[in-house]
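Proteins get letters first, then strands, A, B, ... in listed order; numbering begins at 1 in each.
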Protein chains: 2
Amino acid sequence: MTGRHSNAETKAEVENPMSLSTALISVDVVTFQVINGQLMLLVKESQGTDGKPLYMLPAGRIEPRHDQSLDDAAERQLRMYSQQTISHLEQVETLGSPDRDSRGWSLTVVYLALLSSIKTSGTCQNTRWIKVTDGTPDMPLAYDHNKLVRKALDRLKNKIQYSSLPVYLLPEEFTLSDIQTVFAAVLEKTPPMRSIRNRFLKEDLLIDTGHQRRGSNRPAALYKVNKNSQTWLFDRLYLSTQ
Amino acid sequence: MTGRHSNAETKAEVENPMSLSTALISVDVVTFQVINGQLMLLVKESQGTDGKPLYMLPAGRIEPRHDQSLDDAAERQLRMYSQQTISHLEQVETLGSPDRDSRGWSLTVVYLALLSSIKTSGTCQNTRWIKVTDGTPDMPLAYDHNKLVRKALDRLKNKIQYSSLPVYLLPEEFTLSDIQTVFAAVLEKTPPMRSIRNRFLKEDLLIDTGHQRRGSNRPAALYKVNKNSQTWLFDRLYLSTQ
DNA sequence: GGAATAGTGTCTATAAGACAATATCCT
DNA sequence: AGGATATTGTCTTATAGACACTATTCC
């Protein structure tokens with residue numbers, strides 16, 4: 001593409017070909033996890049000038065020496081704040097504007113990351129999990145990060161309805177009720193158990209591990225994902241969650 | 001985002017904060033039109049060093065003075081090569097890599113644009129419509145533009161199956177058979193007429209203009225879009241086109 | 001037995017798809 | 001009339017959803 005062969009070079013660009021073809025870039029990662037049935041967002045915490053805590057998304061620049069792609073850059077950002085396996089990572093959208101950064105035209109590549117559910121919400125230094133309720137983080141985030149979270153969450157809410165994304169928010173072994181819990185956490189509404197069972201027990205998408213989760217009730221069968229973790233797609237949405 | 005508050009600043013970045021947070025950027029637009037039932041791609045033509053013609057996508061840089069957003073930049077690119085109304089424009093994906101441009105790490109924002117079907121494929125200087133068959137442009141494109149076309153076309157092929165995108169590839173007034181023609185052009189496969197009718201004549205998505213297209217057969221009713229051109233979504237895919 | 005959650009059976013609703021049957025124009 | 005394309009009718013299939021019912025555990 002473009003490179004030195006780009007069309008529409010203005011006089012200034014020809015004189016100084018590097019200057020106007022660049023912009024400030026950052027890669028921002030919106031990371032979700034479901035902990036005890038609650039949707040949580042990974043943020044880093046720092047000290048604002050007024051002493052109040054400041055919450056923001058893991059974000060950073062591209063490092064030419066390390067990043068072979070934008071996905072690499074996103075993964076590297078996330079890895080600074082969580083060592084957990086990243087079960088799903090996808091680019092959501094790139095936003096650009098002259099106003100986001102005081103230094104000039106800037107551009108953000110927004111990523112959606114999903115981590116497996118774990119009981120402990122252990123984090124690195126200056127990192128926190130904050131609740132997300134009604135589609136909004138409980139603590140307001142700095143800059144335009146609330147907007148970025150909204151974009152990533154919209155993607156998740158939509159895609160969870162026709163794909164295997166729910167299982168990426170669950171641990172390796174899970175019950176069918178766990179899937180329902182994920183829907184509730186993300187959509188604040190859930191498809192009927194009958195529909196979830198019909199959908200997820202079709203074909204060989206899941207494997208019955210033979211294990212069971214026991215409580216003070218009938219034990220539930222524990223399943224794991226088949227098909228080497230490939231995301232699979234269905235051809236209908238759930239209507240009850242619209 | 002990032003701004004001056006970005007984490008993970010290396011020593012070099014602190015010393016020269018502008019340098020490593022920027023990269024070469026271009027916005028590339030993949031524009032489709034259906035002309036006489038044939039899917040066509042808009043390219044610009046130039047002379048290669050060996051005298052052979054070189055085809056590439058409309059692409060260019062962000063102009064801080066003119067562009068308030070990436071969408072603006074994409075629209076501006078496309079406007080240089082076609083004055084037709086842009087009936088649909090959406091961002092597909094941003095690709096980045098150290099190899100695409102010899103000057104260093106570069107980044108492309110890929111857009112998908114749809115233009116209304118018209119008989120004449122009139123174009124501006126150095127601009128051509130080339131056929132797309134089997135998902136590939138008839139002429140190979142320069143750089144990695146074939147890959148970008150593939151990405152945009154994949155998006156179109158998918159989205160056409162559950163949205164009103166087909167009508168954006170048609171003129172203001174069209175018949176239901178025209179919709180079928182668009183499916184054939186894009187997917188090289190088509191849902192049954194019964195299904196198309198059931199879907200598009202539901203609710204008040206289309207308005208019967210009362211006009212008819214006449215030929216050597218029964219005339220077909222001409223429809224136009226209702227609902228102020230908002231893209232609408234269905235909750236199922238066509239299975240016959242999978 | 002009773003509480004609690006897991007899982008099944010069955011009927012309805014919706015929309016896609018197959019396919020045959022009409023309808024309406026032109027020549 | 002005959003050709004051509006548009007449009008409708010009807011039956012089948014697939015899956016979501018409602019809802020009642022059964023199953024299995026712990027106490």
Side-chain angles (χ1 to χ4, degrees), chain A residues 36-37 158 160-164 166 170 173-184 187 189-224 232-242, chain B residues 36-37 158 160-164 166 170 173-184 187 189-224 232-242:
Chain A
N36 296 324
N158 188 252
I160 203 178
Q161 290 186 78
Y162 63 87
S163 74
S164 54
L170 289 171
E173 297 198 355
F174 52 86
T175 69
L176 293 171
S177 300
D178 289 342
I179 295 179
Q180 200 174 34
T181 303
V182 167
F183 276 111
L187 298 172
K189 221 180 210 186
T190 153
M193 200 56 213
R194 197 78 194 86
S195 303
I196 292 176
R197 298 187 74 90
N198 283 342
R199 176 177 280 200
F200 283 86
L201 293 183
K202 179 135 298 196
E203 325 257 331
D204 296 314
L205 304 179
L206 301 183
I207 297 173
D208 189 333
T209 61
H211 305 162
Q212 293 190 323
R213 177 180 303 156
R214 312 183 83 84
S216 63
N217 48 24
R218 177 172 173 173
L222 284 163
Y223 294 88
K224 62 178 182 181
W232 64 82
L233 303 175
F234 303 98
D235 56 2
R236 294 197 199 179
L237 297 181
Y238 289 116
L239 298 172
S240 57
T241 56
Q242 300 298 297
Chain B
N36 296 325
N158 189 252
I160 203 179
Q161 290 186 78
Y162 63 87
S163 74
S164 53
L170 289 171
E173 296 198 355
F174 52 86
T175 68
L176 292 171
S177 300
D178 288 342
I179 295 180
Q180 198 173 37
T181 303
V182 167
F183 277 111
L187 296 172
K189 221 180 208 184
T190 153
M193 198 57 211
R194 198 77 194 82
S195 303
I196 293 175
R197 300 186 74 90
N198 282 344
R199 177 178 281 200
F200 284 87
L201 295 183
K202 179 134 298 194
E203 325 258 332
D204 297 314
L205 304 179
L206 301 183
I207 297 174
D208 190 332
T209 61
H211 306 163
Q212 292 190 323
R213 178 179 304 155
R214 310 181 86 84
S216 61
N217 48 24
R218 176 171 175 173
L222 284 164
Y223 295 88
K224 63 178 181 182
W232 64 82
L233 303 175
F234 303 98
D235 55 2
R236 295 197 198 181
L237 296 181
Y238 290 115
L239 297 172
S240 58
T241 57
Q242 299 298 298

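Taking CD1 of I207(B) as the reference point, atom CG of L222(B) lies at 13.5 Å (rounded to 0.5 Å). Taken from CD in Q161(B) to CG in L237(B), the straight-line distance is 5.5 Å, to the nearest 0.5 Å. Atom CD in Q180(B) sits 4.5 Å away from atom CD1 in I196(B) (nearest 0.5 Å). The CD atom of E173(A) lies 11.5 Å from the CD atom of Q212(A); values are rounded to the nearest 0.5 Å.
At the heavy-atom level, S177(B) lies under 4.0 Å from the strands shown only through sugar-phosphate atoms. When heavy atoms are screened at a 4.0 angstrom cut-off, S195(B) is found touching base atoms of the nucleic acid. Here Y238(B) lies in heavy-atom contact (under 4.0 Å) with sugar-phosphate atoms only.
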Mind running ring pair (Phe, Tyr, Trp, His ring centres under 6.0 Å) on F183(B) and Y238(B) for me, showing each step along the way? CA-CA 11 Å; F183(B) 277 111; Y238(B) 290 115; 5.5 Å; yes
Protein-nucleotides 13-15 of chain C N/O pairs closer than 3.5 Å?
residue, atom, partner, partner atom, Å
dT14(C), O2, R236(B), NH2, 2.8
dA15(C), OP2, K202(B), NZ, 3.0
dA15(C), O4', R236(B), NH1, 3.3
dA15(C), O4', R236(B), NH2, 3.0

Does the protein touch nucleotides 19-27 of chain D at the base, only the backbone, or not at all? Give it as B, S and - per nucleotide, heavy atoms under 4.0 Å. B---BBBS-
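Cation-pi geometry between R199(A) and F234(A) is satisfied (NZ or CZ under 6.0 Å from the ring centre, within 45° of the ring normal).
Nearest nucleotide to the side chain of R197(A), out of dA16(C), dA6(D), dG7(C): dG7(C).
Residues R213(A) and D178(A) are paired through a salt bridge, judged by an N-O separation under 4.0 Å between the basic side chain and the carboxylate.
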